[in-house]
Amino acid sequence: MNDSRRAGLKPLRSLLPVLVILALIAAVPLFSPSNRFLSLAISAGINVIALYGLSVLFGQTGILSMGHAALVGIGAYAAAILARDFGVGFWLALPAAAIASAVFAMIVGIPSLRVGGHHFVIMTFAFGQLLAIVLTNGGDYTGAATGLDVTDHVTLFGADMTDLTRYYLMVVAFVTVAAVASWAIIHSSYGRTLRAIRENEKLAASLGINVGRHKIGAFVVSGVFAGISGVLLAYFLGHISPSQFSSFPSIYLALMVMIGGARLIEGPLAGGILVAFLPEVLNLDPVQSRIVYGVCLIAVIMLLPDGLIGGIVRALRGLFSGKPKSERDAAEARQ
Amino acid sequence: MSPILAISGLSKQFGGVTALAGVDLTIEEGEILGVVGPNGSGKTTLFNVVTGVHKPSGGTVLFRRRDITGLAPHAISRTGIGYTFQQAMAFAGLGVLENVQIASEHARATGGANPWPTPQALLDFVGLSALAGEKAGVLPFGSLRLLGLALALATRPSLLLLDEPAAGLNDRETTALVGLVRQLPGHGITVCVIDHDMKLMQMLCRRLAVLDFGSKIADGPTEAVLADPKVLDVYLGGEL
Ligand SMILES: Nc1ncnc2c1ncn2[C@@H]1O[C@H](COP(=O)(O)OP(=O)(O)OP(=O)(O)O)[C@@H](O)[C@H]1O
Ligand SMILES: [Mg+2]
């Protein structure tokens with residue numbers, strides 16, 4: 001009895017560090033940061049929301065999407081078009097855009113995930129390119145290459161949230177919800193099902209798991225996160241255009257989740273923040289930062305298969321456990 | 001009583017290779033049936049086609065009179081056919097108990113009066129409860145096979161197909177396995193087992209079916225089949 005209760009509390013303990021970090025992040029405005037800092041942080045937070053969805057897809061299910069920015073784009077354009085043509089505001093746009101991105105994920109996922117294999121990476125990449133082309137040639141409806149303006153303000157309980165500090169706090173709240181949602185998925189039987197698929201599809205199917213349907217489902221779930229991230233982005237920037245959602249931003253998202261580590265709850269947060277602030281901290285121009293990211297990605301793939309956070313956790317465990325390193329490595333190599 | 005599984009005219013071609021050439025086979029409710037045959041005779045293919053891992057080129061499979069020919073593997077598993085693979089496998093990166101939990105969570109509803117054993121009880125049954133907290137990937141080979149058995153049992157099968165469950169096990173582990181498998185019919189689980197070890201098969205099965213080049217060449221009581229000249233011929237006195 002006592003044991004089972006302790007087992008029930010264990011997952012909660014894994015959520016705690018993230019909640020503490022997010023609480024600290026929410027306190028940043030107390031130190032009157034610059035507007036530039038707040039803007040960067042808001043962009044990072046909006047990415048982190050999509051990354052939490054990507055971590056369900058990649059970290060739990062083992063599927064990599066190379067067109068994830070396109071799903072963010074669906075959410076952003078849905079928000080912009082809903083505001084322009086139907087007078088639908090931010091709060092209603094959230095569920096609508098989440099559904100729109102989820103539906104697109106299903107449309108892309110059904111043909112490419114049912115068959116299995118490596119089609120999915122290519123299909124999602126193609127989807128990203130295709131969406132950019134469609135948006136660019138969409139005439140007045142999508143605003144063509146110039147894109148669309150979103151001039152509506154976000155209001156919450158009568159307060160205008162457009163002010164940078166307020167928007168920042170709102171994004172931190174959304175990031176918290178995304179983190180908790182992804183944590184809840186990881187620790188549910190649904191999360192276990194996804195991990196089973198990641199580990200061994202053939203065995204999973206032999207145990208009655210409908211592998212194809214669950215892979216599509218995981219992509220749809222990640223689409224919900226992406227759609228919400230898109231709405232926040234559209235309302236934050238006030239202007240969206242096709243190039244923001246093409247293949248390069250998609251590769252960046254994949255990179256962020258890999259650098260941070262997709263399997264642990266801290267990973268998306270770390271990846272999103274690191275990639276947003278690294279060029280700023282190191283004072284890199286865009287070309288230099290791309291080179292640095294490329295090098296980081298190769299280093300992470302070769303040295304830290306669980307991402308930066310996974311590597312740190314492993315190093316800490318190594319420090320505090322008595323097992324000699326070689327024995328641990330041997331055990332891990334067999335996995 | 002009608003058989004639990006009725007296979008008729010089952011065939012499977014891989015390109016030009018005929019792995020199964022029209023096999024008829026029935027499995028009776030509550031028995032432990034053995035399937036033997038030389039390497040490459042089509043034993044694993046027979047299981048693969050029954051479980052939906054491969055689509056058959058022809059023939060039908062009836063499970064309790066229901067046609068399950070060509071259904072997807074997950075659908076067949078959920079009708080109540082459990083199986084283990086010739087290559088022992090588990091979800092290597094996940095915990096041993098978590099492995100069995102996953103299988104239990106996807107088990108079909110059996111609606112029986114007796115509740116099915118919990119994941120922990122299944123680990124007890126196969127003797128792995130001491131390793132419940134370990135990652136499946138670090139298990140020694142024999143334990144991995146037993147975990148595979150626990151996974152298949154967790155799906156609440158009424159028919160269990162075991163493909164060389166004792167391959168790679170030491171004598172002690174093999175004896176333990178025989179003890180476990182023998183208990184299964186008492187729990188309402190019919191068993192069909194493939195193995196090359198004739199001593200093991202004699203211990204487990206009262207009936208044997210023999211495959212050779214994708215065809216069934218013998219089927220009957222174990223002692224009679226093992227004395228059949230056709231069967232002795234196939235093995236050329238080598239393995240018997
Ligand atoms: N996926 C496949 N693709 C092509 N050929 C296959 C495939 N699976 C099996 N075969 C062929 O079908 C024939 C039967 O193989 P199968 O694995 O069923 O034999 P088996 O009786 O299980 O042998 P063993 O005792 O060695 O396990 C062999 O000739 C094999 O090469
Ligand atoms: Mg075989």
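Within every chain, numbering begins at 1; the chains are lettered A, B, ... in the order of the sequence lines, protein sequences first and strands thereafter.
Using a 4.5 Å cut-off between heavy atoms, A103(B) contacts chain A through both its backbone and its side chain.
A distance-only check finds a donor-acceptor pair linking the side chain of S77(B) to the backbone of S206(A) [under 3.5 Å].
How far CD of Q87(B) is from CG of L203(A): 12.5 Å, rounded to the nearest 0.5 Å. Here the straight-line distance linking atom NE2 of H106(B) with atom OG1 of T193(A) works out to 2.5 Å at 0.5 Å rounding. Atoms CG and NE2, from N210(A) and H74(B) in turn, are 3.5 Å apart once rounded to the nearest 0.5 Å. Between atom CG of residue L207(A) and atom CG of residue L151(B) there is a gap of 5.5 Å, rounded to the nearest 0.5 Å.
Side chains of R198(A) and L94(B) form a contact here, defined as non-hydrogen atoms less than 4.5 Å apart.
Between E98(B) and R192(A), no side-chain nitrogen of the basic residue sits less than 4.0 Å from a carboxylate oxygen of the acidic one, so the salt-bridge criterion is not met.
E266(A) is linked by a salt bridge (charged side-chain N to carboxylate O under 4.0 Å, His left out) to nothing, counting only residues two or more places apart in sequence or in another chain.
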